[in-house]
Peer 1: 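Sharing a structure with you now.
Here the structure is a predicted model, which is why all the values come from computation and not from measurement. Letters A, B, ... are given to chains in the order of the sequence lines, protein chains preceding strands, and every chain is numbered from 1.
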2 protein chains.
Amino acid sequence: MNQPRGLRRDAQANVEKLHSAALTVFSKTGLSAPLEDIAREAGVSIGTLYNRVGSREGLIDAVVPAVMGEKLKALTERTLAEQTPRAKLERFISEMIDLQLSDPAMNDAMLRRFPDATALINACDRSTALGHELVENAHDAGVLSHDFTGEDLMAVLWMVGTASRDRTAPAGWRRVVDRSIAAAWTESSQPAL
Amino acid sequence: MNQPRGLRRDAQANVEKLHSAALTVFSKTGLSAPLEDIAREAGVSIGTLYNRVGSREGLIDAVVPAVMGEKLKALTERTLAEQTPRAKLERFISEMIDLQLSDPAMNDAMLRRFPDATALINACDRSTALGHELVENAHDAGVLSHDFTGEDLMAVLWMVGTASRDRTAPAGWRRVVDRSIAAAWTESSQPAL
DNA sequence: CTAGATATTGAGTGCGCCCTCAAGATATGC
DNA sequence: GCATATCTTGAGGGCGCACTCAATATCTAG
C-alpha cells in the first residue's frame, strides 16, 4: 500500500494526496482523464505529479487495482454462491455489466484501454479466467450452447463497455446484447428464478 | 454536381482536385482524416482548402453523399429483389454490414459521426427508413419477433460499425452480433437458402 | 541553526490538429 | 499589355494535452 520508504515526509503526503485525487478523478472521467486535473484535485503542481508517480500507468496501477480487486472479490463470491452453473454465469454477466456501468474507471479497466498498467491488467485477467471457467462449467452441464465460447462472453462484455461509453449509441444496444446472451442457452436449460 | 459559377478557372480546378483528394483520403482514413492530408493529396495549400470548401462538413457533404447514394441505391435494389420479407431483411443486414466493413468513410457515415453533414445524414436516414420498413414487413409476415424493433436493427448495425473500427475489439464480436440477429426470427420463419 | 539533500514549482517545449490572414501570385476583361 | 478583382500561400495563433527542467523552497540530520 505504501511507497518504498526514503521519501521525505511532505513528498510522502503528496503521494497520498495524488492517489486519492486520482481515484476521484478516474471514477468521474475515466482512466484517460488529463493528469493536470488530477494534480489540481490533489492541490499539487503538475511537476510534482510527475515526480511522484512517474506516468499515468504508474498512477493507475497504484490506485485502481486495489479498488477493482475488492469489487471483483465480492462479485466472485456472489457469483459462486449461486446454485447452478447457469445461475452462476448469469450472475457473473449481470454483475460485470453493473460494474462497467457503475464507473468509467472500471469500464476503461475492463476494456483494457491501458495495457501497460500491468497490475490492473492482471486483475482483469483474473475475472476473465473466472468467466471462461463459468462458461466451461455451463457447457459441461449442458445448459450453454457450445458455440458460445469464453471469447464470446468477453466480446459481449466488451460491447457493453463500448456502447455505454459512447453517447451516440442508439437506444436499442442493451436489447441487442441481452438477446445475444439469451440465445446462447440450450433448450434443456432453465433460467434462474 | 458543380460549384455555383463565378469561380475563376483555377479555383474551379482546385475544387475538383480537393473533392477527389477528399474521396481518396476519406476512404482510406475515415471522415475524421486531418484536412491537411487532403490538401496535400490535392496538391494545394491548407489555406486553399478552407477557401474552397469552408469546413470539413462542407467537404464531406460535397463528396460522400453521392458515393453513398449510389451504393445505397444498388443495395436497395438487391434487397427488394429478394422474394420473402425475411430474405429481404437478411439481405439488407448483410449488405449494410458489408458496406460498413468495406470502407471507413461509409462506416463513419452510418455511425453518424458528423451530424452536421446534413446531406450525408439525409442519405443515411433513407437507409434507416428502409430498414424500419423491412422490419415492419417482417413483423406483419410473422417471421420476426415483435420485440426486435427497427431501433434494434439500427443498434445492431451501430455495434458492427463500432466494433469494426476499434482494433482492440475482441475476436468474438461478430458471433455475438450474428447470434443476436439469429435469435430474433420466429419459429415459423424459414431462413433463406 | 545551518548546510545540503530532497521536493516543489510552473513556465516552457513539443505535438497534432484546426483555422486565419496579410502578402504575394494569377487570371481575366478591357 | 495592364489594371484589378480574384486566388493561393504558409507561417502563425489557438487549443488541449503530455512531459521537462532550472530556479526556488522546504525538510532534516547533526
Side-chain angles (χ1 to χ4, degrees), chain A residues 2-22 24-26 28-64 104-105 108 113-117 165 167, chain B residues 2-22 24-26 28-63 104-105 108 113-117 165:
Chain A
N2 285 330
Q3 287 308 99
R5 245 323 116 87
L7 283 182
R8 236 165 62 177
R9 217 171 252 121
D10 52 344
Q12 183 60 231
N14 283 337
V15 170
E16 266 141 39
K17 282 191 244 163
L18 281 164
H19 284 179
S20 90
T24 306
V25 174
F26 283 155
K28 203 174 306 171
T29 321
L31 299 184
S32 40
L35 295 182
E36 264 135 356
D37 289 358
I38 294 173
R40 192 175 330 108
E41 172 81 22
V44 127
S45 86
I46 182 64
T48 295
L49 184 149
Y50 281 95
N51 286 340
R52 291 296 131 251
V53 305
S55 67
R56 159 171 259 114
E57 278 73 22
L59 191 48
I60 292 177
D61 265 353
V63 135
V64 186
D108 283 345
R113 295 207 113 71
F114 294 87
D116 296 342
R165 86 202 302 275
R167 65 191 53 204
Chain B
N2 286 330
Q3 286 309 99
R5 244 325 117 88
L7 283 182
R8 235 165 62 176
R9 215 170 255 119
D10 52 344
Q12 183 61 232
N14 283 337
V15 170
E16 267 141 39
K17 282 192 245 165
L18 280 164
H19 284 179
S20 90
T24 306
V25 174
F26 283 155
K28 205 174 304 172
T29 323
L31 300 183
S32 39
L35 295 182
E36 264 133 355
D37 289 359
I38 294 173
R40 193 175 329 108
E41 172 80 22
V44 127
S45 87
I46 181 65
T48 294
L49 184 149
Y50 280 95
N51 287 339
R52 291 296 131 250
V53 305
S55 67
R56 159 171 260 116
E57 278 73 21
L59 191 49
I60 292 177
D61 264 355
V63 135
D108 283 344
R113 293 206 115 71
F114 294 87
D116 294 342
R165 86 202 302 276

Peer 1: Under 4.0 Å: is that the gap between some side-chain N or O of Arg8(A) and OP1 or OP2 of dA5(C)?
Peer 2: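 For Arg8(A), the contact criterion (side-chain N or O under 4.0 Å from OP1 or OP2 of dA5(C)) is not met.
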Peer 1: Indicate, with a heavy-atom threshold strictly under 4.0 Å, whether Asn51(B) touches base, sugar-phosphate, or nothing.
Peer 2: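 Base contact.
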Peer 1: Would you say dT8(C) has OP1 or OP2 under 4.0 Å from some side-chain N or O of Arg52(A)?
Peer 2: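 Yes.
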Peer 1: CZ of Arg40(B) versus C1' of dC17(C): gap in Å, rounded?
Peer 2: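 Result: 12 Å.
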Peer 1: Taking the side chain of Ile46(A) as heavy atoms from C-beta outward, which of dT20(D), dT9(D), dT8(C) is closest to it?
Peer 2: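 Looking only at side-chain atoms, Ile46(A) lies closest to dT20(D).
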Peer 1: What nucleotide among dT8(D), dC19(C), dG10(C) has an atom nearest to a side-chain atom of Asn14(B)?
Peer 2: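 Among the listed nucleotides, the one closest to the side chain of Asn14(B) is dT8(D).
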Peer 1: For the side chain of Tyr50(A), starting at C-beta, report the closest nucleotide among dT20(D), dT8(C), dT8(D).
Peer 2: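 So the nucleotide nearest the side chain must be dT20(D).
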Peer 1: Relative to the 5' end of DNA chain D, which residue comes earlier, Pro34(A) or Gly47(A), by the nucleotide with the nearest heavy atom?
Peer 2: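 The residue mapped nearer the 5' terminus is Pro34(A).
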Peer 1: Could you pick out which residue, Arg9(B) or Leu35(B), lies toward the 5' side of DNA chain C when each is mapped onto its nearest nucleotide?
Peer 2: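 On the 5' side of the pair lies Leu35(B).
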Peer 1: Would you indicate, yes or no, if dC7(D) has its OP1 or OP2 atom less than 4.0 angstrom from a side-chain nitrogen or oxygen of Thr48(B)?
Peer 2: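 For Thr48(B), the contact criterion (side-chain N or O under 4.0 Å from OP1 or OP2 of dC7(D)) is not met.
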Peer 1: Return the value, rounded to whole Å, for the distance between atom CG of Leu59(A) and atom P of dA18(D).
Peer 2: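 Distance check: Leu59(A) CG to dA18(D) P gives 11 Å.
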Peer 1: Would you check if the side chain of Asp108(A) reaches a backbone N or O of Leu31(A) as a donor-acceptor pair within less than 3.5 Å?
Peer 2: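 Yes, Asp108(A) side chain to Leu31(A) backbone: donor-acceptor pair under 3.5 Å.
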Peer 1: Starting at the 5' end of DNA chain C, which residue's closest nucleotide do you reach first, Gly54(B) or Glu36(A)?
Peer 2: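 Between the two, 5'-proximity favours Glu36(A).
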Peer 1: Choosing from dA18(D), dA7(C), dC18(C), which nucleotide comes nearest the side chain of Leu7(A)?
Peer 2: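 Comparing dA18(D), dA7(C), dC18(C) against the side chain of Leu7(A), the answer is dA7(C).
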Peer 1: With a 4.5 Å heavy-atom cut-off, do Phe114(A) and Ser32(A) have their side chains touching?
Peer 2: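 Heavy-atom side-chain distance check passes, below 4.5 Å.
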Peer 1: Given side-chain contact (heavy atoms from CB on, under 4.5 Å), test Ile46(B) with Arg40(B) step by step and report yes or no.
Peer 2: CA-CA 8 Å; Ile46(B) 181 65; Arg40(B) 193 175 329 108; over 6 Å; no
Peer 1: Looking at side-chain heavy atoms only, is the closest gap between Asn14(B) and Lys17(B) below 4.5 Å?
Peer 2: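 Yes, at least one pair of side-chain atoms sits under 4.5 Å.
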Peer 1: Rounded to whole angstrom units, what separation is found between the CD atom of Gln12(B) and the C1' atom of dT26(C)?
Peer 2: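 Answer to the nearest Å: 16 Å.
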Peer 1: Within a strict 4.5 Å, meaning less than it, do heavy atoms of the Leu35(A) and Tyr50(A) side chains meet?
Peer 2: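 Of all side-chain heavy-atom pairs linking Tyr50(A) with Leu35(A), at least one is under 4.5 Å.
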